[in-house]
Q: 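My questions will all concern the structure given below.
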Amino acid sequence: MFKLLKKALQVGEATVEYPFKPLEVSPGFRGKPVYNFEQCIACGACALACPANAITIECNLDEGIKSWNIFYGRCIFCGRCEEVCPTGAITLSPEFELAATTKEDLCCRADFRLVRCRSCGEFFAPAKELEYILANLENIGLPETAVATTRQLLEVCPQCKRRRGTDAAIKSLYWSGNHKQGRK
Amino acid sequence: MSPGTQNKRGKKYLDALRVKFGAGVILEETYQTPEQLTITVDRNDLPEVVAELYYSHHGWLSSMVGNDERNINGYFALYYVVSMEGNKNPQDNLWVTVRTLIPENDPQFPSVTPRVPAAVWYEREVRDMFGLEPVGIPDARRLVLPDDWPDNLYPLRKDAMDYRYRPEPVEEKYDFIEVEGEGIVEVPLGPLHITSDEPGHFRLFVDGEHIVDADYRLFYVHRGVEKMAENRMDYDQVNFLAERICGICGYTHSVAYAAAVENANGIEVPLRAQYIRTILLEVERLHSHLLNIGLVAHLVGFDSGFMHLFRVREKAMRMAEILTGGRKTYGMNLIGGVRRDILREEREQILQLIRELRSELDELLDILINTPNFTMRTRCVGQLEREVARDFSPVGPNMRGSGYARDNRADHPFGAYERVPWEVISKDGCDVLSRVLVRVEELYQSFHIIERCLLEMPPGPILVEGFSYKPYTYALGATEAPRGENVHWVMTGDNQKLYRWRARAATYNNWPSLRYMFRGNTISDAPLIVASIDPCYSCTERVTVVDVRKRKTKSISYKELENYCRERKYSPLKL
Ligand code: SF4
Ligand code: SF4
């Protein structure tokens, strides 16, 4: 008993004054994921990777809006979103004081404009994502002349691309068929 | 551990089975890894084969998995995982899984429990979840499904229900065992548990102060994680779910899960990643053992010891924070390795923390062990007899406190445990004290393992990418959690998801023998006994006192019982 008393005196105070003083966390601590709208291109990689479904993506094809949502109430601070984000738009901060009085305070939402498909006129991809891809292609040395054509290609929705591809394939089949016939 | 690098093991067991039961007994044999063998037998041979491996060849029942394979081959399947250990050369140890197929139109099988008591919980569970009837099982009550769950709805059958479906409650019923006899009282303990503040209902049958027998109902917090993983998550996300099976030993689950998938797909984890996993597993053991020793101190009424142990424990939490960015849930695993490397300055910080922890613990444990009250209250309390242990396959310090040196880290080495020297700790007092002492010594082993791993860690990659995920392959993954081995069994699916995932937490194997540990002790020891197996309710999961002499039942609140456990005065039974 005496030893313990000595020990207690020697240790002194073991508690910290939190919440009256800030609490230091180690570097690399995984706290609240902070979202940077400027950088986000609404690609949805984070939503796919998020194990807890804290990040979700909704598309409104009538209004042409893709919305990115995070609900901190579900977040498990794993940092997968940070890991997969191509643009660094979401990063885990040292912040851990997330208590809120209403559920809504734990939500964060961002809306992105979608572009229409050049061919069918339906909304399909976020404008920012296309710009990001183009800018990247330019960065890695896509010649200026090709930029415009690539843009035209990019602004066609996957369905139309597929349709165009099938059309082209049929045409070429037809053509080669004719060709063969012609040779006969 | 990858296939092909070592010779296949276990031939001697196969030969022995053939000699005993005839050459035709094994219908099929397949290796998942060199140390994982699955043999298929006819369901009528099942009890004999399992019992033979268990009792004649020093096997232990590590898990049992039910699986609805009707989409694959038209049958239900059962997998009894028997750990064959105790060979002189650990290279001869292996897991033998006894598999049997059960036709859809006749969903029953002869129960293994009368032969091997350790199978009881598994068979009750498989009946709840799949509707496969173990014929001849001595205890046919419900185990995991809630009491208000409809009959004939078996959640894990593939065609049973959507995972979001919540059935209408039906009338609750659960038959606790009844102990008749002169002067026996029933003492309900729960529905909230003493020590861990978790739900579990215990019924202690007492004669005066002495516990004659006990019964318990757990699984009030069954969360259906297996079903959720199979339905909603892809295989890489399940790592994070697995980690949330337990709030204390979560990381071991994550490692066991990852290892199961890696084994099933033949993925070889880089050495550096294995060292990092080993370090983190030991950091987790430090904090968990310190927590449990602290709780025992609290329960014998030595609260200042409890406070100091928790103060010291903070250093272990700090280690985790430095290494992983999370204090408790590390989130470090992916299939194929880990997500974060250990840097030089982090290494120095950890080594420093270990030095501090060591000297602090030396002093504290010295005080604790020399506190007369402590040894008085724990010696010869909660005896887990060796014969009972043999029948029920308990794991972890619970087992090692009864003289069996079973440790998954040594018996089926994984990670870096084979590469650094360390010892398996065992004591033969069979009581609470022995379990505490096992934990104490294991702390020092952990310090040692962490130090060695940090110093000897080879450079190199920490994650493999670009492997292919093979559908419908299955394998085991196992780790030694602070409370015993965790065994995960995984069968992959064809859509980046799991077809079946069976996570067996350590405590699952420890609960069934608890009944025997209660017998002969006094009520005031009950919380201590439960705490000494370091239970984990979510891994599994109410207490009633029945006076057999006065024929009266009484429920005792958590506070009352806890106080009685600590002070041993003002018995709530007498009031
Ligand atoms: S930290 Fe994890 S759980 Fe939280 S939003 Fe990111 S991916 Fe989702
Ligand atoms: S991954 Fe990054 S860029 Fe893509 S939607 Fe998420 S936050 Fe935005």
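Labels below follow one simple rule: chain letters A, B, ... track the order of the sequence lines, proteins then strands, and each chain is numbered from 1. None of the values given here were measured: they were computed from a predicted structure.
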Q: Quick one: what part of Glu363(B) sits under 4.5 Å from any heavy atom of chain A, side chain, backbone, both or neither?
A: side chain
Q: When only pairs under 4.5 Å are counted, which of Asp234(B), Thr324(B), Asn370(B) shares the most heavy-atom pairs with chain A?
A: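 So the answer, after comparing Asp234(B), Thr324(B), Asn370(B), is Thr324(B).
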Q: Need one label for Asn239(B): side chain, backbone, both or neither, based on atoms under 4.5 Å from any heavy atom in chain A.
A: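 Neither the backbone nor the side chain of Asn239(B) comes within 4.5 Å of chain A.
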Q: Do Asn333(B) and Tyr251(B) get their side chains close enough for a donor-acceptor pair, meaning under 3.5 Å?
A: yes
Q: Can you tell me if Gln237(B) uses its side chain to pair, donor with acceptor, with the backbone of Cys50(A) under 3.5 Å?
A: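 It does hold such a pair.
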Q: Does a salt bridge link Glu122(A) with Arg116(A), judged by any charged N lying under 4.0 Å from a carboxylate O?
A: no
Q: Side chain, backbone, both or neither: which part of Leu334(B) has a heavy atom under 4.5 Å from chain A?
A: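 Contact with chain A: side chain only.
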Q: Pro94(A) versus chain B, heavy atoms under 4.5 Å apart: side chain, backbone, both or neither?
A: neither
Q: Among Tyr35(A), Phe37(A), Phe112(A), find the one that has a ring pair (Phe, Tyr, Trp, His ring centres under 6.0 Å) with Trp68(A).
A: Tyr35(A)
Q: Give a yes or no on whether the backbone of Glu63(A) and the side-chain of Asn60(A) come within a donor-acceptor separation of less than 3.5 Å.
A: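 Checked: pair present.
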